[in-house]
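Throughout, a chain's letter reflects where its sequence line sits, starting with A, and its residues are numbered from 1. Since the structure is predicted, the reported quantities are computational estimates derived from the model, not experimental observations.
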Amino acid sequence: MSEPKGKAEGQENAPNFIHDLVEADIREGKHGGQVVTRFPPEPNGYLHIGHAKSICLNFTTAELSGQGRCHLRFDDTNPEAEDTEYVESIREDVRWLGFDWGSHEYFASDYFERLYDCAVDLVKRGFAYVDSQSPEEIREGRGDFYRPGVNGPFRDRSVEENLDLLARMRAGEFDEGAHVLRAKIDMASKDVNLRDPLMYRIRKVTHHRTGDDWCIYPMYDYAHPMSDAFEGITHSVCTLEFAHHNPLYQWFVSHFDFDPMPWQYEFARLNLTYTVMSKRLLKRLVEEARVSGWDDPRMPTVAGMRRRGYTPAAIRRFAERIGVSRRDSVVDVGLLEHALREDLNVTSPRTMAVLRPLKLVIENFPEDEEVELVAPFSPNDESFGSRTLHLTREVFIERDDFMEEPVKKWFRLAPGKEVRLRYGALVTCNEVVKDDAGNVVELRCTWDPESKGGNAPDGRKVRGTIHWVSAKYAVDAEVRLYDRLFNDENPLDEAHEGDFTDRINPSSLEVLPHAKLEPSLAARGPGERVQFERLGYFVVDPDSTRAHPVYNRTIQLKDSWSKQAKRN
RNA sequence: UCGGGGAUCGUCUAACGGCAGGACUCCAGUUUCUGGUACUGGCUAUCUAGGUUCGAAUCCUAGUCCCCGAGCCA
């Protein structure tokens, strides 16, 4: 049965070689058609967009099989780095992204006893031994890329002695570094990972879950494949830098009778332009207070993106679009931003807010009069409903929407020009009021009372439409304007002088303390997303209160005018 | 001096010996009470050199460049 060649024509399927390969396994009935994957973070930090790619991959791969499942497993084998704080944030982030691991939440630390038993078994069968060399001696004995390693003096200890030593390691009789358990493989292997890799080390450190029950902890290389096998993982998906571990992974699991027998597959990790992704660097940003924390809206962490106003759907869509391959790549952050706008465009109510207010007085509008206007929350979707706006004698408009000496093709307000106040009325600017320093402080206009709602009865075309807020009803708010954290497409580019923190965009955050909101915006709670018409998408920050609303700019609308203006 | 992985529009990615396709970006236009959205059209790519073949991004040979690997981290 041959598939139609190529997917050309309106291909909706995201390119994804892992999916292709798993689908082939399902077709062939491998593992009885079962697909079990896992997302295995170490709880030592916050998840970022790179993890999100992996989460999406693992969960969607499992979905390929009708009865598949994806586990959430915390790889907590290094007690020094880990903490329950991170466990909770990871759970929250995965859930927020829209994935459900059901009852399949596991910890590598749950397997400590079983891992130990398996280690004892390997010792008994002559596949592991206790090495009592110092760390320096072990490193020396391992050789390097060009020289094979050499067998150490403890490599041929008797099974009895190894068993005794291992038991005493566990019992806490030895200091850290005194002994380690090593797999007995091949010190001369071309593959450095196979030169008797460490399985256990002594660490007298309290573990966030097992407390002081253990003072020996398994290494990733041993714990990870075994944990996969314990859980019945069929497809163990990880990033490319683990590719060298595959032979070792297979070595460990093949010494036991697991069914299914897991296999490891590697894909290229995500890199984004204008972004740093490594935990180490993100940590520096936090510690050096370049950002407000792990959930700073400029951070590529899931928590930061959530606070920024990203939607889970946008992130999932992005992950699907960029595909999965084995090629090192740097994805243009514009792709992420596009996926974001695409989702926000169809999910966000339209509202009006003025970021940098300029007062506009309608001189022929009676002082105490108000005009009620019904404005839809969406231009294309009636289900969003509408709200009532009040046009009053004094309104605020955006400073950027007025130009005293307009450039060519300027559609907005200028002396003598007529514009539409969106859903409001047509107004013409008559006079510009300035302060002593020559700054424009107020605009005096007249309106066409016949244009209530926004259109003139004579049908004349008015090109410019600007947003506005009634001065009488406006609600004061703080608006935080976020932009890309770095100026440089590749903040880590070594061709530059200095360090990546020198490439931080100084205007990645601008706080506007006195923005003016339409009243409907004051009642919204943290996490609610809206569009400020003509400006961008915004989200209510957790800092927001009824008395002091705070909105974060998620992303600007595409702006072909500013592009054109730059060319002029 | 070793081993592994990789190279296709500016970016990400398809094509598995048979018309180099899609998405983003960019450009031009239509619609529009958001200079938004939607819609239409357009530009742009097979690392290099040989070879096999009617036909090569794909197979072969030789090279070039990039990434990863020598933690008692994951």
Side-chain angles (χ1 to χ4, degrees), chain A residues 5-16 40-42 44 75-78 80-82 131 134-135 138-139 142-149 176-177 179-182 189-193 195 198-203 217 219-221 223-224 238-247 266 268 273 279 321-339 341-342 345-346 350 352 375 379-380 409-412 419-424 426 453-455 461-467 489 531-536 556-565:
Chain A
K5 288 242 174 90
K7 311 178 189 170
E9 217 88 7
Q11 155 185 322
E12 279 298 318
N13 300 355
N16 185 326
E42 181 185 18
N44 69 345
D75 230 333
D76 55 349
T77 56
N78 180 8
E80 281 167 288
E82 298 148 7
D131 194 345
S134 69
I138 289 178
R139 184 171 2 101
R142 191 154 32 218
D144 60 31
F145 293 152
Y146 316 110
R147 282 180 335 193
E176 290 189 7
H179 309 279
V180 291
L181 184 72
R182 299 180 75 174
S189 174
K190 296 266 191 206
D191 181 349
V192 191
N193 283 296
R195 319 238 260 230
L198 273 59
M199 294 171 62
Y200 274 93
R201 76 289 214 187
I202 300 171
R203 275 283 168 282
Y217 291 93
M219 300 287 289
Y220 165 88
D221 275 316
H224 196 89
C238 64
T239 45
L240 235 32
E241 67 270 25
F242 291 96
H244 318 84
H245 300 246
N246 203 346
E266 309 91 15
T273 56
K279 209 173 274 183
R321 290 264 178 83
I322 58 175
V324 176
S325 72
R326 290 176 68 87
R327 178 169 5 168
D328 292 315
S329 64
V330 183
V331 177
D332 191 329
V333 75
L335 235 87
L336 213 209
E337 294 172 344
H338 176 261
R341 288 195 185 95
E342 189 176 42
N345 178 46
V346 296
R350 311 293 135 117
M352 291 198 284
N380 325 311
K409 292 201 177 165
W410 178 258
F411 300 157
R412 286 116 95 153
V419 297
R420 175 184 299 106
L421 297 179
R422 180 130 164 107
Y423 298 127
L426 301 177
N455 281 316
K461 291 274 181 259
V462 174
R463 195 66 201 269
T465 298
I466 65 176
H467 57 279
E489 191 170 308
Q531 182 188 107
F532 292 174
E533 291 214 46
R534 305 209 307 130
L535 295 174
Q556 286 173 278
L557 256 32
K558 275 177 67 179
D559 182 2
S560 60
W561 164 246
S562 73
K563 227 179 288 176
Q564 185 184 322

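Within 4.0 Å (heavy atoms only), A:Pro41 reaches no atom of the nucleic acid at all. At the heavy-atom level, A:Ser134 lies under 4.0 Å from base atoms of the strands shown. A:Tyr217 comes within 4.0 angstrom of no nucleic acid atom, judged by non-hydrogen atoms across all strands. A:Thr77 comes within 4.0 angstrom of the backbone, heavy atoms only, and of no base.
Under the salt bridge (Lys or Arg N to Asp or Glu O under 4.0 Å) criterion, A:Arg182 pairs with A:Asp131, sequence neighbours left out. With sequence neighbours excluded, no residue forms a salt bridge (Lys or Arg N to Asp or Glu O under 4.0 Å) with A:Arg463. When the side-chain contact (heavy atoms from CB on, under 4.5 Å) test is applied to A:Thr239, the partners found at least two apart in sequence or on another chain are A:Glu241, A:Phe242, A:Phe267, A:Arg269. In this structure, A:His467 has no ring-ring contact (aromatic ring centres under 6.0 Å, His included) partners at least two apart in sequence or on a different chain. Applying the side-chain contact (heavy atoms from CB on, under 4.5 Å) test to A:Thr465 and every residue at least two apart in sequence or in another chain returns A:Arg420, A:Arg422. Residues passing the side-chain contact (heavy atoms from CB on, under 4.5 Å) test with A:Asn345 are A:Arg350, A:Tyr537, sequence neighbours excluded. With sequence neighbours left out, the salt bridge (Lys or Arg N to Asp or Glu O under 4.0 Å) criterion links A:Asp328 to no other residue. Partners of A:Arg139 under the salt bridge (Lys or Arg N to Asp or Glu O under 4.0 Å) rule, at least two apart in sequence or in another chain, do not exist in this structure. Shown here are the side-chain contact (heavy atoms from CB on, under 4.5 Å) partners of A:Ala268, two or more places apart in sequence or in another chain: A:Leu240.
Ranking B:G35, B:C73, B:G69 by closeness to the A:His244 side chain, first place goes to B:G69. Of the candidate nucleotides B:G71, B:G36, B:G5, B:G36 has the atom nearest to the side chain of A:Asn345.
The aromatic ring of A:Tyr220 is not stacked on the base of B:A74, since the criterion of ring centres less than 5.5 Å apart with planes inclined by under 30° is not met. An aromatic stack links A:Tyr146 and the base of B:U1, using centre distance under 5.5 Å and interplanar angle under 30°. B:G69 has A:Phe145 stacked on its base ring, the centres lying under 5.5 angstrom apart and the planes within 30 degrees of parallel.
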Do nucleotides 39-46 of chain B as a string where each nucleotide becomes B, S or -: B if the base has a protein heavy atom under 4.0 Å, S if just the sugar-phosphate does, - if no protein is that close.
--------
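A stem is defined here as three or more consecutive Watson-Crick or G-U pairs, each with both distances under 3.5 Å; for RNA chain B these stems are B:2-7 with B:64-69, B:10-13 with B:21-24, B:26-30 with B:38-42, B:47-51 with B:59-63.
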What nitrogen or oxygen pairs link the protein and nucleotides 25-28 of chain B at under 3.5 Å?
residue : atom : partner  : partner atom : Å
B:C26   : OP1  : A:Lys563 : NZ           : 2.6
B:C27   : OP1  : A:Arg567 : NH1          : 2.9

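Regarding contacts with the backbone of B:C73, a side-chain N or O of A:Arg203 is found under 4.0 angstrom from either OP1 or OP2.
Taking a cutoff of 4.0 Å between a charged side-chain nitrogen and a carboxylate oxygen, A:Glu342 and A:Arg321 qualify as a salt bridge.
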